[in-house]
Amino acid sequence: MKTNQPVAVTLKATRLSLCIGAALCAMTFNLSAEESKQLAENDNIETIEVRGIRRSLTKALNTKRFANAVVDSISAEDIGKFPDKNIGDALQRIPGVTVVRTFGEVNGVTIRGTAPEHSMVLLNGQNVASVGWFDLGGMNRSFNFEMLASEQIAGMDVYKSVESNINEGAMGGTVNLKTRKPLDMDAGTVFASVEGMYHNNAEDWSPAYSALGSWKNDSETFGVLLAYSNEESKVYRETLSNFGPAGNATFTDSNGVERSSYGAMSSILFDEDRERASSQLTLQYAPSDNLSFNLNYNLFELKNDHVNSAMFAIVGFGQMQGDSVVENANGIVTAATSLASGAGLAPLFNNAVLRKPNMQTDALNFTVEYEADTWSADFVIGKSDAKGETLQSSTWWGDITNTENSSFSFDVAGPLELIPTNPAYLDSHSNFDLFQEFTYINYIRENEIDYAQADFTFLLESDLVTSIQAGLKYQQQAFSSQGNYQDLDLAAAMAEGLSLADFNGGFVSGLHSAEGRAGSMSSFPVASRDIWRYAEANKPSSISVRDAFSIEEDITAAYVKANFSGEGFRGNVGLRIVDTDILSVGEINGVAGEVEKSYTNYLPSVNVAMDLSDDLIFRVAAGSTVSRPDYDDMKVADIISESFQTANVGSPELNPYKSDQYDMGLEYYFNPSSIVGATFFIKNISDYIEQTTAKENYAGCGPECLVTRSRNVGTADVQGIELQYQHDFGNGFGAQFNYTYTDSARTNSAGEEVPIEEVSKNSFNLSGYFENEMFSVRLAYNYRDDWVRQYNGSSLDSLNDAYDQLDASVIWHVTENVDMSFEAVNLLNEALVLRQPKAGNIVHSVDEFGTRYFVGASIRF
């Protein structure tokens, strides 16, 4: 097989070279539009004087129109006028973008048929350190949208085609978030807002407030901007879930018949009190028109204190009753009764998981910009640090004295029905005694990024090549993670006779109202946060460090880019060369080790925009890029759960994803605020990474351990088309619409062609607005059809049902400086429903998030 690899690489390189060559040849043709050079200078943008929604849409459209590459933009022209509650929510209005919601709020984006981890988020053009908070969640490289308040963002650009001066690392797209600068604002600008959020499912109010002040001197040579925002919110997720692939467990029922069934299932309430704070300090000094200095500091803090309360049912803790079994046509048990075996285990038990995640990320940039008559230079040095600590305690509670009280029946033919054999079992906290588990862990993650960058632009007196850009960037990135275990003496705690009554957190009720069935467990007792008090008082002094690893990367990149223009065309052609050195250190199966790896990538790119008329633009682009593996894929470490017999094992020898990408599009701007456009895109991806899960006899886990590993397994191909329509009707009304069709497939480890995870074939967004001097009203609807999604150990072919969401906002301009607002998110109360088609379309899980309402007021001068 290895002998065929050079041939494949040669063919791909040839295809890319032909595309670049064709684009360069197209530059020699005169396609008219005498004013194309003037349009490209962007000087005419400031002549558009419109307000509110229309003003922001018009500015964003101008960014797209005059860009040489394939770029979409979002503009928050006025402070506090970001179009959505969350930066990720706003991104879904862009063609080719769908969003990922894990806890109701957007925490990742899928761009043009690639998974969320293949899109990169930059802040003012630079990488930002980031750590996740969830002990079972992935550790990837993308900055979390949940960390950043939208009030501090002036806008963002989404680069879909490759440009050599843009950081490598994204196959889907690169999102550059731009903060505000004092010299770009009026002197003495002040903004302040207050807001209350009501969560419909939690029936709870949460406050938020923000403030921004900007000042500059009379000569406009020195400016200071200071901003702060703080938001408290309730995150409330109601889940019905099975665990593992359907039929992953085998049981012999009471009649001696072997059955294939889910091994575990649960009704869950995730109840979180979230606090997010963002701070910004920016200093600008421009002693002359040619020289400027910019110092920018951002601090992001996120606290996610929560209790995950679950009523778990473990079939293997009891005996499946043969006469109660119902199987589907695939031979999988969809309904049965499991009676306790009397072995000191409670088949139906309460699992209380308490977590106190606390994350902090900061970013410091110092930029020097100098512009001479024929050349300019930009220098950037900076660093970004992130640290996250997640204190966690997990306890299991059930009746292990009279175990028959914890028997249960289940039905997974639809959303999970979980019915206690003795309904009174759930009536009292005193029925639940401590057993099996009392963990006390502090997960610590750190990420550090240091960088230095120099960029130069040389203007040329040429009829074709107008300028040459060149630059060099060096980055040092380090990521580390470890779990500090101080698990309690379970036998000693059980000897005390602890029950859930000692940590009575009341009862929850009314869960799963949108998707649950009659037998779905919607009420049960829950634990209080007082478990922390007991755990901290009884934890051992010794610490056992597990799951520890570190990854260090030295990344050196150099690029050159030629910008060209002529009568009726403009664009650029460039090459980026990136050298990456990696050191991965850790321990697998109790053996310490380290792995070194190096690779160099050559990433060519070309972007051409041709003016077919004054208002019609044809674009063609081609380029190569890479996407590095996630940190938890590259670790020298294993994470083992003895209770659930699972292990996640790192693969430090992984190669990065590599992608050759092609774009061709047509855009018609029929007025300054309106567009009709279509773009066709192709991505050819090699060294695709897949997570594979199989049963192994793994040390420390057991002979039936489900072991998950990552490996480079093959190729992937993505192609699709984006359609875009935006129109200002001139009477206060306007509309936006975009549709994306994506055909994606990858070759898996078995040699089969399967869809790419998290990618929908069809998605669209539709929004309409009306505004006048008194009101701004907007309705926004988005839809995506089904997509492959893994969740709670589900199989690789699990499909999430189509999802749609309706959001609304009304802003009342009380005076020129005062606004009142009302907004609603997820008005349809849509849920995420995951199915397993090959198992007979069994509903694997359901997540409900509820509707959120926001009432606020803002003032600005």
Side-chain angles (χ1 to χ4, degrees), residues 88-89 91-92 95-104 106-119 172 237 239-246 328-330 332 334 412-416 512 514-517 683 688 690-691 716-723 738-748 752-766 781-806 826 828-849:
D89 288 331
L91 275 170
Q92 70 187 338
V97 177
T98 54
V99 300
V100 177
R101 292 178 174 87
T102 304
F103 295 92
V106 174
N107 65 322
V109 295
T110 295
I111 302 179
R112 288 187 165 184
T114 58
E117 60 268 25
H118 302 152
S119 298
R237 184 179 72 175
T239 299
L240 295 169
S241 181
N242 307 313
F243 287 79
N328 66 11
N330 299 76
I332 294 172
T334 58
V412 297
L416 172 67
H512 322 305
E515 295 287 339
R517 295 190 288 163
K683 299 178 188 292
Y688 203 91
E690 176 186 276
Q691 278 196 344
D717 294 293
V718 179
Q719 58 185 1
I721 188 168
E722 301 169 351
L723 304 178
N738 66 69
Y739 164 79
T740 304
Y741 171 81
T742 306
D743 183 16
S744 66
R746 64 178 179 86
T747 304
N748 67 12
E752 303 166 327
E753 193 172 272
V754 295
I756 294 178
E757 290 182 51
E758 301 289 349
V759 178
S760 294
K761 182 165 286 189
N762 298 282
S763 63
F764 70 85
N765 295 278
L766 174 64
Y781 176 80
N782 72 83
Y783 168 89
R784 59 182 300 192
D785 63 9
D786 54 20
W787 69 96
V788 172
R789 172 174 168 244
Q790 290 192 70
Y791 183 55
N792 284 344
S794 66
S795 56
L796 285 168
D797 63 340
S798 298
L799 276 180
N800 203 98
D801 282 358
Y803 181 90
D804 60 349
Q805 181 166 310
L806 179 66
N826 194 18
L828 303 175
N829 192 21
E830 183 73 2
L832 291 176
V833 179
L834 187 68
R835 301 179 187 271
Q836 295 191 306
K838 290 185 178 180
N841 213 33
I842 289 177
V843 175
H844 180 274
S845 61
V846 175
D847 288 326
E848 297 180 23
F849 307 106

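These numbers come from the heavy atoms of this one structure, side chains and all, not from hydrogens, waters or symmetry mates.
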Practice task
Compare all side-chain heavy atoms of T742 with those of K761 and state whether any distance is below 4.5 angstrom.
Solution key: no
Practice task
Could you pull out the closest heavy-atom pair between A514 and E848, with the gap in Å?
Solution key: N-OE1, 3.2 Å
Problem - Non-neighbouring partners of D847 that pass salt bridge (Lys or Arg N to Asp or Glu O under 4.0 Å), sequence neighbours left out - result: R789
Exercise for the section: Would you give the length of the straight line joining atom NZ of K683 to atom OG of S744, rounded to the nearest 0.5 angstrom? Expected result: 11.5 Å
Practice task
Heavy atoms only: give me the nearest N792-S241 pair and the separation to one decimal.
Solution key: ND2-OG, 2.8 Å
Handout entry: Atom pair CZ (R835) and CG (D797), whose distance is rounded to the nearest 0.5 Å
Key = 14.0 Å
Exercise for the section: Work out which heavy atom in S119 is nearest to a heavy atom in T114; give both atom names and the distance. Expected result: OG-OG1, 4.4 Å
Problem - Heavy-atom pair with the smallest gap, counting every atom of W787 and V759 - result: CB-O, 3.4 Å
Handout entry: Polar side-chain atom of D804 near backbone of Y781 as donor-acceptor pair, under 3.5 Å
Key = no
Problem - Residues forming a side chain to side chain contact (heavy atoms under 4.5 Å, CB included) with I332, sequence neighbours excluded - result: A246, N328, N330, A839, I842
Problem - Over all atoms of both residues, closest heavy-atom pair of R517 and G414 - result: NH2-N, 3.4 Å
Completion exercise
Applying side-chain hydrogen bond (donor to acceptor under 3.5 Å, both in side chains) to E690 and not counting sequence neighbours gives R746, S749
Problem - Intermediate values then yes/no, side-chain contact (heavy atoms from CB on, under 4.5 Å), V109 and V99 - result: CA-CA 4 Å; V109 295; V99 300; 4.1 Å; yes
Exercise for the section: Taking salt bridge (Lys or Arg N to Asp or Glu O under 4.0 Å) as the test, write out the residues that go with E758, two or more places apart. Expected result: none
Exercise for the section: State, with a plain yes or no, whether a side-chain heavy atom of L832 is found less than 4.5 Å away from one of L834. Expected result: no
Exercise for the section: Could you tell me which residues satisfy ring-ring contact (aromatic ring centres under 6.0 Å, His included) with Y739, sequence neighbours excluded, listed by chain and number? Expected result: none
Practice task
With sequence neighbours left out, write down each residue that passes side chain to side chain contact (heavy atoms under 4.5 Å, CB included) with P755, or none if nothing qualifies.
Solution key: V788
Exercise for the section: Go through the steps for V833 and E515 under the test side-chain contact (heavy atoms from CB on, under 4.5 Å), then give the verdict. Expected result: CA-CA 9 Å; V833 179; E515 295 287 339; 4.1 Å; yes
Exercise for the section: Mind checking the CZ-OG1 spacing from F764 to T98? Nearest 0.5 Å is all I need. Expected result: 13.5 Å
Completion exercise
Sequence neighbours excluded, the answer for side-chain hydrogen bond (donor to acceptor under 3.5 Å, both in side chains) partners of S760 is R784
Problem - Residues that D785 engages under salt bridge (Lys or Arg N to Asp or Glu O under 4.0 Å), provided they are two or more places apart - result: none
Practice task
Could you tell me which non-hydrogen atom of I756 sits nearest to which non-hydrogen atom of G113, and how far apart they are?
Solution key: CD1-O, 3.7 Å
Exercise for the section: Identify, with sequence neighbours excluded, every residue that meets side-chain hydrogen bond (donor to acceptor under 3.5 Å, both in side chains) alongside N738. Expected result: N765
Practice task
With the side chain counted from C-beta on, respond yes when D786 and N800 share a heavy-atom pair under 4.5 Å apart, and no when they do not.
Solution key: no
Practice task
State which residues pass ring-ring contact (aromatic ring centres under 6.0 Å, His included) with Y791; sequence neighbours excluded, sorted by chain then number.
Solution key: none
Fill in the blank from the handout: Across all chains, not counting sequence neighbours, the ring-ring contact (aromatic ring centres under 6.0 Å, His included) partners of F243 are F312
Handout entry: Nearest-0.5 Å distance that lies between atom OG1 in T747 and atom CG in D717
Key = 7.5 Å
Exercise for the section: With sequence neighbours excluded, tell me which residues meet side-chain hydrogen bond (donor to acceptor under 3.5 Å, both in side chains) with E753. Expected result: none
